[in-house]
A.B. asks: 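First the structure, which I've put down as structure tokens, then a few questions once you've had a look.
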Amino acid sequence: QVQLVESGGGLVQPGGSLRLSCAASGSIFSIYAMGWYRQAPGKQRELVAAITSGGRINYADSVKGRFSISRDNAKNTVYLQMNSLKPEDTAVYFCYARLASSSPYWGQGTQVTVSS
């Protein structure tokens, strides 16, 4: 089993920055990939960024050049640095951890609101 605890959400002005963190515990050696999905009201959940155990990274086209995902293996934590935030980035961000042979585990979600 994997448990995920998210933090770092909040309210920020357009153009501002936030840093999300997601700390994993449990069967962490079974994790294939970690990252974030986000979901805004009335919209489908979408993948924002992911990083695999081998270090491969992908981003949604909408956040490329603005967001950066990284990991600290010693802390079993992944981070999402979000810069140049836009109102359309407003959503609940859910950390996830994917195991090779099972459905993903999810964090509790953290609200990111970008508004002037």
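For clarity, every value in this text was computed on a predicted model and none was experimentally measured. Counting from 1, the numbers follow the sequence of the chain as shown.
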A.B. asks: With the side chain counted from C-beta on, respond yes when Ser115 and Leu11 share a heavy-atom pair under 4.5 Å apart, and no when they do not.
C.D. replies: yes
A.B. asks: Would you kindly say whether Thr77 and Asp72 are connected by a side-chain donor-acceptor distance under 3.5 Å?
C.D. replies: no
A.B. asks: Look at the side chain of Gln44 and the backbone N and O of Gln39, then say whether any donor-acceptor pair between them is shorter than 3.5 Å.
C.D. replies: no
A.B. asks: Please check: side-chain N/O of Thr52 versus main-chain N/O of Ala33, any donor-acceptor pairing under 3.5 Å?
C.D. replies: no
A.B. asks: Nearest heavy-atom pair of Ala97 and Leu4: which atoms, and what distance?
C.D. replies: N-CD1, 3.6 Å
A.B. asks: Got a sec, which pairs hit salt bridge (Lys or Arg N to Asp or Glu O under 4.0 Å) with one end in residues 23-37, sequence neighbours left out?
C.D. replies: none
A.B. asks: Using the test side chain to side chain contact (heavy atoms under 4.5 Å, CB included), find all partners of Ser116 that sit at least two apart in sequence or belong to another chain.
C.D. replies: Gln13, Pro14
A.B. asks: Would Val92 end up clustered with Met82 when hydrophobic side chains under 4.5 Å apart are linked, directly or stepwise?
C.D. replies: no
A.B. asks: Kindly write out the residues that satisfy side chain to side chain donor-acceptor pair (under 3.5 Å) with Lys64, not counting sequence neighbours, or none if the list is empty.
C.D. replies: Asp61
A.B. asks: Do Phe67 and Ser84 come close enough that some side-chain heavy atom pair is under 4.5 Å?
C.D. replies: no
A.B. asks: Could you list the residues that satisfy ring pair (Phe, Tyr, Trp, His ring centres under 6.0 Å) with Tyr37, not counting sequence neighbours?
C.D. replies: Tyr96, Trp106
A.B. asks: Between Val112, Leu47, Val78, which is the residue that forms a side chain to side chain contact (heavy atoms under 4.5 Å, CB included) with Trp36?
C.D. replies: Val78
A.B. asks: Does a side chain donor of either Thr113 or Gln111 reach within less than 3.5 Å of an acceptor in the other side chain?
C.D. replies: yes
A.B. asks: Hey, what do you get for OH (Tyr105) to CG (Leu99), rounding to the nearest 0.5 Å?
C.D. replies: 5.5 Å
A.B. asks: Quick one: which residue pairs count as a salt bridge (Lys or Arg N to Asp or Glu O under 4.0 Å) with a foot in residues 83-94, not counting sequence neighbours?
C.D. replies: Arg38-Asp89, Arg66-Asp89
A.B. asks: Counting only N and O atoms by type, is there a donor-acceptor contact under 3.5 Å from the side chain of Glu6 to the main-chain atoms of Cys95?
C.D. replies: yes
A.B. asks: Mind listing the side-chain donor-acceptor pairs of residues 21-32 below 3.5 Å, one per line with the distance, residues two or more places apart or on another chain?
C.D. replies:
residue	atom	partner	partner atom	Å
Ser21	OG	Ser7	OG	2.7
Ser25	OG	Gln3	OE1	3.4
Ser27	OG	Gln1	N	3.1
Ser27	OG	Gln1	O	3.4

